[in-house]
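Structure, as structure tokens:
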Amino acid sequence: MKKDVLIEASILSADQARLGEQALEAQEGGADAVQVDVMDGKFVPNISFGPDLVKKLSSILKIKIDAHLMVFDPEQLIPRFAEAGAGRIIVHQEACTQVHRTLQSIRELGVEAGIALNPGTPLSLIEELLDIVDMVQVMTVNPGFGGQKFIMSQLRKIRYLRMILKDRGQDLPIAVDGGITGITAPLAVEAGAKILVAGTSIYKGGSSVSENIKLLRENSNIHVQIS
Ligand code: DX5
């Protein structure tokens, strides 16, 4: 069954004493992928996971593992995340010295390449990259932490990106990451999101992981009228 919207569970907000179990709960709960937020303490004011976690998760999960590299100059880490089993490696436009070459290097390793852009980064900075990526991840929070508030102004950016892709005849998935809840999910989808990355609403959403994922998926299909 083709799913309209894919749900990715970000384990940044999971119980870090039980990451394997929580990733498996997301898989059993119907998540389409797990996203591992990698942070270097420089590009973002936090430090998190490395390739060894991706290696461990890829030994127990069947679903795709996305490595979201919120690190400066990620080039030297890309081969390690590819070898660890990341199905997709997402780098930040703002963090790469030679972003076009970095994205090429991901694809040369047979891994899907994603480009992420922060709320302050205009789409014009990734237009020349759209031919060499497999997805665009629009950050709807300033990266570094889970549990932040969705930045509503990014809906305009998502809509504009959808227009650009339509104009280019490209069916590239748009992922939206940050502050995705039952309220913001339908807004993001209406704007053009095909992948919703959620951490807090899945792992701290007041019900079981599978219930929270189910709710998110149901809410993401609610048709919203934006005047
Ligand atoms: C920010 C992280 C978060 C995380 C999702 O650096 O990338 O956006 O994935 O966080 P929630 O769903 O808790 O906003």
Side-chain angles (χ1 to χ4, degrees), residues 5-16 19 22-23 25-26 29-50 53-54 57 63-72 74 77 81 86-95 114-121 135-155 157-158 173-189 191 193-207 209-217 219-220:
V5 176
L6 301 180
I7 307 274
E8 290 205 11
S10 161
I11 55 167
L12 185 70
S13 304
D15 176 351
Q16 304 217 1
L19 284 177
Q22 294 255 270
E25 282 176 62
D32 300 286
V34 158
Q35 185 157 127
V36 176
D37 287 314
V38 180
M39 302 181 183
D40 64 357
K42 293 204 173 2
F43 180 65
V44 292
N46 199 355
I47 292 180
S48 61
F49 311 117
L53 176 66
V54 172
L57 293 179
I63 55 177
K64 183 182 275 189
I65 301 170
D66 278 7
H68 176 191
L69 305 188
M70 288 165 271
V71 302
F72 274 124
L77 287 171
F81 279 98
R88 187 188 283 141
I89 296 176
I90 304 161
V91 295
H92 271 258
Q93 185 280 333
E94 308 90 351
I115 187 75
L117 59 170
N118 287 335
T121 306
M135 65 95 100
V136 179
Q137 183 151 310
V138 176
M139 297 303 295
T140 39
V141 294
N142 285 299
F145 303 93
Q148 300 182 81
K149 206 165 165 318
F150 186 93
I151 300 173
M152 286 291 180
S153 66
Q154 300 305 297
L155 289 171
K157 185 192 277 185
I158 299 164
I174 300 172
V176 174
D177 177 9
I180 292 291
T181 64
I183 308 283
T184 57
L187 300 176
V189 170
K194 286 281 181 250
I195 300 171
L196 299 175
V197 182
T200 302
S201 57
I202 290 177
Y203 288 110
K204 299 174 182 160
S207 187
V209 166
S210 57
E211 260 312 297
N212 293 335
I213 292 172
K214 184 165 164 282
L215 213 59
L216 208 46
R217 202 180 288 284
N219 285 317
S220 65

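Values in this document were obtained by computation on a predicted structure and should not be read as measured data. One is the number of the first residue; the rest follow in order along the sequence. Each ligand, and each atom within it, is numbered from 1 in the order the structure gives.
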Validation row: [X], [Y] side chains within 4.5 angstrom (heavy atoms):
{"X": "Q154", "Y": "V176", "value": "no"}
{"X": "R88", "Y": "Q137", "value": "no"}
{"X": "L53", "Y": "I11", "value": "yes"}
{"X": "F43", "Y": "N118", "value": "yes"}
{"X": "L216", "Y": "S201", "value": "yes"}

Identify, by atom number and element, the atoms of ligand 1 in contact range of [X], meaning under 4.0 Å from any of its heavy atoms.
{"X": "M39", "result": "6 (O)"}
{"X": "T200", "result": "11 (P), 12 (O), 13 (O)"}
{"X": "S13", "result": "13 (O)"}
{"X": "P143", "result": "1 (C), 6 (O)"}
{"X": "G147", "result": "11 (P), 13 (O), 14 (O)"}
{"X": "G146", "result": "10 (O), 13 (O)"}
{"X": "A198", "result": "12 (O)"}
{"X": "V141", "result": "8 (O)"}

Select one of side chain, backbone, both or neither to describe which atoms of Q35 lie under 4.0 Å from any atom of ligand 1, heavy atoms only. neither
Within this structure, what is the CG-CZ distance for the pair L19 and F49, rounded to the nearest 0.5 Å? 5.0 Å
Euclidean distance, E8 CD relative to I180 CD1, rounded to 0.5 Å: 11.5 Å
Please work out whether the ring planes of H68 and H92 are parallel, tilted or perpendicular, with thresholds of 30° and 60°. parallel
Is the shortest N/O to N/O distance between [X] and ligand 1 below 3.5 Å?
{"X": "V197", "value": "no"}
{"X": "Q148", "value": "no"}
{"X": "G179", "value": "yes"}

Are F145 and ligand 1 in contact, using a heavy-atom cut-off of under 4.0 Å? yes
Do me a favour and list the nearest non-hydrogen protein atom to [atom] with residue, atom name and distance?
{"atom": "atom 7 (O) of ligand 1", "value": "D177 OD2, 2.9 Å"}
{"atom": "atom 6 (O) of ligand 1", "value": "G144 N, 2.7 Å"}
{"atom": "atom 2 (C) of ligand 1", "value": "D37 OD2, 3.7 Å"}
{"atom": "atom 12 (O) of ligand 1", "value": "G199 N, 2.7 Å"}

Less than 3.5 Å apart, any donor N or O on the side chain of D37 or S48 sitting next to an acceptor on the other? no
Can you give me every donor-acceptor pair (side chain of residues 143-151, partner residue at least two apart or in another chain, under 3.5 Å) with its distance?
residue, atom, partner, partner atom, Å
Q148, NE2, N142, O, 2.9
Q148, NE2, F145, O, 2.9

What are the two closest heavy atoms between G30 and R217, and how far apart are they? O-NH2, 2.7 Å
